[in-house]
Amino acid sequence: MIVMKFGGSSLATSDALTRVAGLIADRAARAPVVVVSAMGRTTDGLVAAVDLAAHGGLADARRRVAAIRDDLLAAAAPVLADVAGLERLVDAHCDELDRTLAEIAAADGWSRPRLTDAALSHGERISSLVMARLLGQRGLDAVHVDACDVLVTDNRFTEDPAFGPTNARIDRLVRPHAAAGRVAVMGGFIARTVDGHRSTLGRGGSDFSASIIGAGIGADEIQIWTDVDGVMTADPSVVPDARPLPRISFAEASELAYFGGRVLHPRTVLPAVERDIPVRVLNSRKPEVEGTLIVAACPPSGLVVKSIVYKEGITVVDVRSTRMLMAHGFLAAIFEVFDRLETAVDVVSTSEVAVSLTIDRTDRLADLVGELRRIAEVEHTGGQAIVCLVGEAIRDTPGVAATAFTALRAINVRMVSQGSARTNFSLVIDERDVPDAVRALHAAFFETPVEPAGA
Ligand code: ASP
Ligand code: MG
């Protein structure tokens, strides 16, 4: 049994849909469970529609839905024999969507998370039905399984799956199909709360779905089909010389995941790691390319730094207190505020009188600053970026920091941190410096790679 997950860009056009159906048919003997994202940019369109509806633009929101409908039909109608059936299917979803948007327009804030998730769920519900029909048409024994009946989330719309009930449902609703040689086709991203409302695993959550399902059925491999050649040494749109990595470890992948929205979702690999299931990142346009295999532990590859990644839109919060910083309990008091306001902290650095923290969500920033000001002086700066070198050999290799700082000599580095697992080395810089910094680091580490200690 394998899981094959396809992202939106692998499903955006008629050609892409046909290509994907062919990839699945070629692997039918491996009993694939297929997990699909919404087609193309459907989810972005749905997010925009929800936003319009929530801000007094219901008519514009409906126009947006009409545009999504046109895009879906333009891609799917040429490849499906039963076009009238397809139109009925898409129209039924668009009608439901219109009703949900009207409810959003009329709703108080509290019910919006529920209604938003309900609206966003249509993208994957449609794409999975389209793919199941397309595979059936090719003569495959394909069945559609509503992922909302399988994945269970908590009641708070926080994107956390409840693994116990989810695994029980995977056993009951998914595994029997694969065991009988049927291709189960499911939407990624979508779920249902324990109370029975449609919910989601958060943007980009289809990879997570694939990983949860793969872990649940004990798959031999989880294949994440994308539009890139694998996990790259750097973002190829910034570094033209970037190249795919044949193999990375789970630890490295988890570090990369936080930054690499382009390839893997942050939480994606965890359920797979726990079951020791290999995850392979592949290119649906170039299936002959080997892709990147993510494994529990990988042999030394000669590269100390495997990949250079970055994340923009970072805010640095500086907390300063001459009296109290090193008094015990002070850091706890600071973190308690972040915890209470449900704001995750990524990079932390401390000095005798100050602690700096980075956050990527600023929706509670004003509250955060207000609360922290009760205990210390606080400043914050937006428009920052984290640039991160990832590689397990970093921990045993002297000179990585020296090489990095030499490469970045013309760039102002604001914070530095080496994670506790020491598989990463992170630098916080101004967003505007990202392209120069990433190119300089790539040149320093990949054009003359630093050898691991003892190699
Ligand atoms: N369609 C969802 C999104 O765009 C989930 C996914 O593609 O992974 O966020
Ligand atoms: Mg995606």
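Fair warning: this is a prediction, and the values are worked out from it, not measured in the lab. Numbering of ligands and ligand atoms starts at 1, following listing order.
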Trainee: If we count only N and O atoms by modelled type, under 3.5 Å, do the side chains of T315 and T362 hold a donor and an acceptor together?
Mentor: no
Trainee: Examine ligand 1 and decide if any of its atoms is less than 4.0 Å from a heavy atom belonging to G123.
Mentor: no
Trainee: Do S237 and D235 have side-chain N/O donor and acceptor atoms under 3.5 Å apart?
Mentor: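 On atom types as modelled, these side chains qualify, holding a pair under 3.5 Å.
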Trainee: Does some side-chain heavy atom of R285 sit less than 4.5 Å from a side-chain heavy atom of S10?
Mentor: no
Trainee: Taking N or O atoms only and a 3.5 Å limit, does G204 qualify as a polar contact for ligand 1?
Mentor: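 Indeed, backbone or side chain, G204 has an N or O that close.
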Trainee: Regarding atom 8 (O) of ligand 1: of the candidates S206, G8, G188, G202, which has the closest heavy atom?
Mentor: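 Selected option, by shortest heavy-atom distance: S206.
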Trainee: Show the atoms of ligand 1 that are less than 4.0 angstrom away from any heavy atom in R203.
Mentor: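 Checking each atom against R203, I get 3 (C), 4 (O), 9 (O).
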Trainee: Do we see a donor-acceptor contact under 3.5 Å between the side chains of R414 and T381?
Mentor: yes
Trainee: Please identify which of these residues, R169, R125, R198, meets the salt bridge (charged side-chain N to carboxylate O under 4.0 Å, His left out) condition with D146.
Mentor: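 Looking at R169, R125, R198, the match for D146 under the salt bridge (charged side-chain N to carboxylate O under 4.0 Å, His left out) is R198.
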Trainee: Provide the number and element of each atom of ligand 1 under 4.0 Å from a heavy atom of S37.
Mentor: 6 (C), 7 (O), 8 (O)
Trainee: Give the numbers and elements of all ligand 1 atoms closer than 4.0 Å to a heavy atom of E124.
Mentor: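 In order of numbering, the contacting atoms are 1 (N), 2 (C), 5 (C).
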